[in-house]
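All remarks here apply to the structure that follows.
Computation of the quantities below employed the complete heavy-atom set of this structure, encompassing side-chain atoms and omitting hydrogens, waters and symmetry-equivalent molecules.
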Amino acid sequence: MKFGLYAVYDSAVQVYQGPFKFQTDGQATRWFHDQCLNAETPIAQHPEDYTFFQVGEWNDSTGQADPVVPICLAKALEVVAASRNVKADNLEEFDKKVSSMN
């Protein structure tokens with residue numbers, strides 16, 4: 001069976017965390033959303049730093065992993081904003097404020 005391989009990119013330290021194996025993009029994205037909304041995770045504490053990607057495929061019959069060009073599935077800041085019903089237009093202003101703090 002083929003599985004997707006996924007990774008979380010942390011722009012603050014410029015590394016990918018993972019890979020994580022899931023059966024479908026939907027299952028993987030749900031996991032990432034849960035991480036974004038769990039106040040005890042670093043992703044929820046700094047959502048401006050994290051982006052979720054599919055980075056490959058894993059075949060458990062052959063043991064072969066095949067990379068793919070990373071595909072962005074979700075940005076933590078957008079997940080958090082959507083959960084709080086923040087309008088997308090306000091994200092750009094928020095990003096500017098966050099950038100000016102660094």
Side-chain angles (χ1 to χ4, degrees):
M1 176 176 209
K2 286 191 175 182
F3 293 86
L5 294 176
Y6 304 86
V8 177
Y9 183 71
D10 181 344
S11 63
V13 294
Q14 299 180 345
V15 298
Y16 285 87
Q17 300 171 2
F20 307 99
K21 179 181 78 165
F22 293 98
Q23 290 179 329
T24 66
D25 288 351
Q27 183 185 34
T29 302
R30 180 177 57 203
W31 172 84
F32 183 69
H33 283 220
D34 290 346
Q35 301 306 302
C36 293
L37 301 177
N38 178 347
E40 298 194 15
T41 67
I43 295 171
Q45 293 168 7
H46 305 282
E48 67 280 2
D49 295 337
Y50 294 95
T51 307
F52 191 57
F53 291 92
Q54 180 185 21
V55 295
E57 292 182 342
W58 166 258
N59 185 324
D60 69 350
S61 297
T62 64
Q64 184 172 347
D66 296 315
V68 299
V69 175
I71 301 165
C72 178
L73 297 179
K75 295 180 179 184
L77 188 60
E78 292 175 357
V79 172
V80 171
S83 76
R84 296 178 183 168
N85 295 320
V86 175
K87 293 182 181 177
D89 297 341
N90 295 338
L91 287 177
E92 185 175 317
E93 187 174 324
F94 179 78
D95 284 340
K96 288 178 186 176
K97 288 180 182 179
V98 169
S99 295
S100 69
M101 296 170 78
N102 295 328

Working for side chain to side chain contact (heavy atoms under 4.5 Å, CB included), residues Leu5 and Lys21: CA-CA 5 Å; Leu5 294 176; Lys21 179 181 78 165; 4.2 Å; yes
Verdict with reasoning, Gln64 to Trp58, per side chain to side chain contact (heavy atoms under 4.5 Å, CB included): CA-CA 6 Å; Gln64 184 172 347; Trp58 166 258; over 6 Å; no
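With rounding to the nearest 0.5 angstrom, the CD atom of Glu40 is 8.5 Å from the CD atom of Gln45. Taking OG1 of Thr51 as the start and CZ of Phe32 as the end, the distance is 6.5 Å to the nearest 0.5 Å. From Phe3, atom CZ reaches atom CD of Gln27 across 8.5 Å, with rounding to the nearest 0.5 Å. Rounding to the nearest 0.5 angstrom, the gap separating the CE atom in Met1 from the CG atom in Asn59 is 10.5 Å. Taking CD of Glu57 as the start and CG of Asp66 as the end, the distance is 6.5 Å to the nearest 0.5 Å. To the nearest 0.5 Å, atoms CD (Glu78) and SG (Cys36) are separated by 10.5 Å.
Residues Val8 and Leu73 share a single hydrophobic cluster, defined by chaining ILVMFWY side chains whose heavy atoms lie under 4.5 Å apart. Note: the hydrophobic cluster containing Trp31 also contains Ile71 (ILVMFWY, side chain heavy atoms under 4.5 Å, direct or indirect links).
The two atoms that bring Val80 and Ser83 nearest to each other are O-OG, 2.7 Å, heavy atoms only. The nearest pair of heavy atoms linking Thr41 to Gln35 is OG1-O, 2.6 Å. Closest non-hydrogen pair, Ala44 versus Ala39, comes out as CB-CA, 4.0 Å. In terms of heavy-atom proximity, Ala28 sits nearest to Phe22 at CB-CD1, 3.5 Å.
A heavy-atom distance below 4.5 Å is not found between the side chains of His33 and Arg30. Using a 4.5 Å cut-off on side-chain heavy atoms (C-beta onward), Tyr50 and Pro42 make contact. For the pair Gln14 and Tyr9, the minimum side-chain heavy-atom distance is below 4.5 Å.
Classification of the Tyr6-Phe52 ring pair by plane angle, with boundaries at 30° and 60°, yields parallel.
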